[in-house]
2 protein chains.
Amino acid sequence: MTVQDIRAFNRFYTNVIGALDYSRQLYAPYTLTESRVLYELAHSPRTDAADLRGELSLDAGYLSRILNKFEQDGLIERAPSRQDPRRRRVTLTARGRETAALLAERANESVGALLSTVPAADRPRLAEAMRTVRTILADGHRPRPEDVVLREPGPGDLGWIVQRNAALYAAEYGWNADYEGLVARIVADFAEDHDPHLERVWIAELDGRPVGCVMCVRDEAPATARLRLLLVEPDTRGLGIGDRLVRAVVDFARGVGYRDLVLWTNDVLASARRIYQRHGFVLVAEKPHRSFGKDLNGQDWRLDLSGTGE
Amino acid sequence: MTVQDIRAFNRFYTNVIGALDYSRQLYAPYTLTESRVLYELAHSPRTDAADLRGELSLDAGYLSRILNKFEQDGLIERAPSRQDPRRRRVTLTARGRETAALLAERANESVGALLSTVPAADRPRLAEAMRTVRTILADGHRPRPEDVVLREPGPGDLGWIVQRNAALYAAEYGWNADYEGLVARIVADFAEDHDPHLERVWIAELDGRPVGCVMCVRDEAPATARLRLLLVEPDTRGLGIGDRLVRAVVDFARGVGYRDLVLWTNDVLASARRIYQRHGFVLVAEKPHRSFGKDLNGQDWRLDLSGTGE
DNA sequence: GCGATATCTCTGACTGAGTCAACCATCGGA
DNA sequence: TCCGATGGTTGACTCAGTCAGAGATATCGC
């Protein structure tokens, strides 16, 4: 992603916005700025002038005059604020609310006209893309751990697991299509036949997008569960998602009565290993093997669930 | 997707752009409009004034004055156009190019500052989302059949097949997770073991995004190939993608020496049926069954490849 | 070839959105 | 109680952008 991409988008979107309010008929008899003020008032009906100034970053004198005009037109009333007599509390009148609604309606129609030109099939993608741009660009956009939710898989989520496992390990470690086959096999086995009380998949979701997964299935050994397919999207690492997924499996396995929880991984997956260690897994075996087009070191880990717990 | 979503995005992005060119220091000693003209000139160095007017939708008088200023500052030269003496051909001078580069550099820095606040991991998603918004909103956005390419699957594409099959048939026909399991099984079988000379998967790609797929595998019957997992994204239907995928399979199957091509589908999938019929498949058997949580009518279709062909 | 009409450019005259500076009132902290 | 900071108002100003008219030339119908 380059600066040029963003500039190109800015130019493009400036035109989109420009096309939307062509000739200002939209705001008559007010200006764009005035209608922005009105919009702000309509959405927080009791605000001080200083708040408006900050929110819309307007010149104080300019805003003062705009409010004069609104007061003359009977759209607002001004009174000194209780807490601080220097400040002026602005409240919309009934007429002001009507006018705001009128302007909003006109803007809606204009945007609706634009929207009607995009095929209905494209709209969800458009909405999704706009949301993505907003959340990424919104300042202070650091997704917080509490924005991540764990849930059961829905339609397509098992396919997502296959897709992301294959794409990520191909990109990060160069694994070949055999790995995609293995994951597809694991997922197919799970989908075709699993005991919902003893086997489960979790999807970690952030802003409506899946960003992680893990699976817990019965192992051949008695009273033993196997953790599989732990994955966290690279751009959401550091939020403790892996920890939460593993904890979900551990809690679930312990809760339904397994005595042991095992997993198989490879030594190149360092960050996953640290997660396992944090949850008390211990390395019980290690064996080199050739898979997925690479020479790897397979590791078996085990966690004793019958212990006193951490 | 509602009109409100778009308006919210517009408000948001207006602020982004506003924050970018705060206080006009960016364009000094020129204005935003002037620098837009300069930008346009720098990117198509020999244009007529009328072109500029159209491109930037400026008032003719306003543009004339801007060009006057540029000429005085030695940024451009004006001469009557050859073909039409009414028009004025505008060419940038060396000094004009310098100035344009300077302004571009300043804008780049400003955008770069914005970009530096987004974590590197988010940038690909941001670029992708911006591209999506642009292509969808760009007027005349009707993807053309020649924009679609068929290719071999890459890492993650088999997972994509599972994901989209499951999500689409769940949304359109209410099929349950059994179907996702079946698709995962088919894909896993293919991934784990297939003869690349006799079995193959195609992905249809549009604008870098997968929008369709189909698989051709060996059947139990001798010299018989089986077409599976034909899928086209709903928002790209009508571009002949399904036809191209099926044709790819038919040509491939005939080319490597299969004598028969069979497929199994369900009667609810009407549009797929029409594609099969167009390619000469004939219905050979029909049987009700209960699968994927629904009562369905399974159909076996067959195409004789040894015939004279169409 | 001729007139009617449209297009391109330019200039003069204007509007009005937004800025700047000065001023008064009040708050909050030393 | 003083002093710097903040909130609000008004006057004066700038300058981006619009509108109308005029001169030059192209294009179209005849």
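Just so we're on the same page: letters track the sequence lines, and every chain starts at 1. On a predicted model such as this, the values are computed, not experimentally measured, just so you know.
When heavy atoms are screened at a 4.0 angstrom cut-off, B:Asn68 is found touching the sugar-phosphate backbone but no base atom. Among the heavy atoms of the strands lying under 4.0 Å from A:Asp84 are primed sugar atoms or P, OP1, OP2 only; no base atom is included. Using a 4.0 Å heavy-atom distance criterion, A:Ala60 is classed as a base contact.
Heavy-atom distances to DNA chain D give each of B:Gly61 and B:Lys69 a nearest nucleotide, and the one nearer the 5′ end belongs to B:Lys69. Along DNA chain D, the nucleotide nearest to B:Gln83 and the one nearest to A:Arg78 differ in position, and the one closer to the 5' end is contacted by A:Arg78. Toward the 5′ end of DNA chain C lies the nearest nucleotide of B:Leu67, the other residue of the pair B:Leu67 and A:Arg65 mapping further downstream.
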Apply the test side-chain hydrogen bond (donor to acceptor under 3.5 Å, both in side chains) to residues A:Arg134 and B:Tyr13: give CA-CA distance (whole Å), side-chain angles for both, the deciding distance (0.1 Å), then the verdict. CA-CA 8 Å; A:Arg134 280 187 66 180; B:Tyr13 214 78; over 6 Å; no
Begin from the C-alpha positions of B:Thr14 and A:Ile17 and carry the test side-chain contact (heavy atoms from CB on, under 4.5 Å) through to its verdict. CA-CA 8 Å; B:Thr14 303; A:Ile17 293 176; 3.5 Å; yes
Given side-chain contact (heavy atoms from CB on, under 4.5 Å), test B:Tyr30 with B:Ile66 step by step and report yes or no. CA-CA 10 Å; B:Tyr30 296 102; B:Ile66 289 176; over 6 Å; no
Check the pair A:Arg131 / B:Asp5 against salt bridge (charged side-chain N to carboxylate O under 4.0 Å, His left out), numbers first and verdict last. CA-CA 9 Å; A:Arg131 225 184 35 179; B:Asp5 294 330; over 6 Å; no
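For the pair B:Arg87 CZ and D:dA26 P, the interatomic distance rounds to 12 Å; values are reported in whole Å. In this structure, B:Ile76 places its CD1 atom 13 Å from C1' of C:dT9, rounding to the nearest Å. The separation between B:Glu71 atom CD and C:dT9 atom C1' is 13 Å, rounded to whole Å. Rounded to an integer number of Å, the gap from CZ of B:Arg36 to P of D:dA16 is 14 Å. In this entry the distance linking CG of B:Leu58 with P of C:dC8 reads 15 Å, nearest Å. The CZ-P distance, from A:Arg82 to C:dC27, rounds to 15 Å in whole Å. Rounded to whole Å, the distance from CD1 on B:Ile66 to C1' on C:dT9 is 14 Å. When rounded to the nearest whole Å, the span between OH of B:Tyr62 and C1' of C:dT11 equals 16 Å.
In this structure, of C:dC8, D:dG7, C:dA17, it is C:dA17 that holds the atom nearest to the side chain of A:Thr33. When distances run from any side-chain atom of B:Asp59 to the nucleotides D:dT18, D:dG17, C:dT9, the shortest one goes to D:dT18. Minimum atom distance to the side chain of A:Ala50 is reached by D:dG8, of the listed D:dG8, D:dT25, C:dC27.
At a cut-off of 3.5 angstrom, the base of C:dT9 holds no donor-acceptor pair with the side chain of B:Arg86.
Using a 4.0 Å cut-off between charged nitrogen and carboxylate oxygen, A:Asp243 and A:Arg278 count as a salt-bridge pair.
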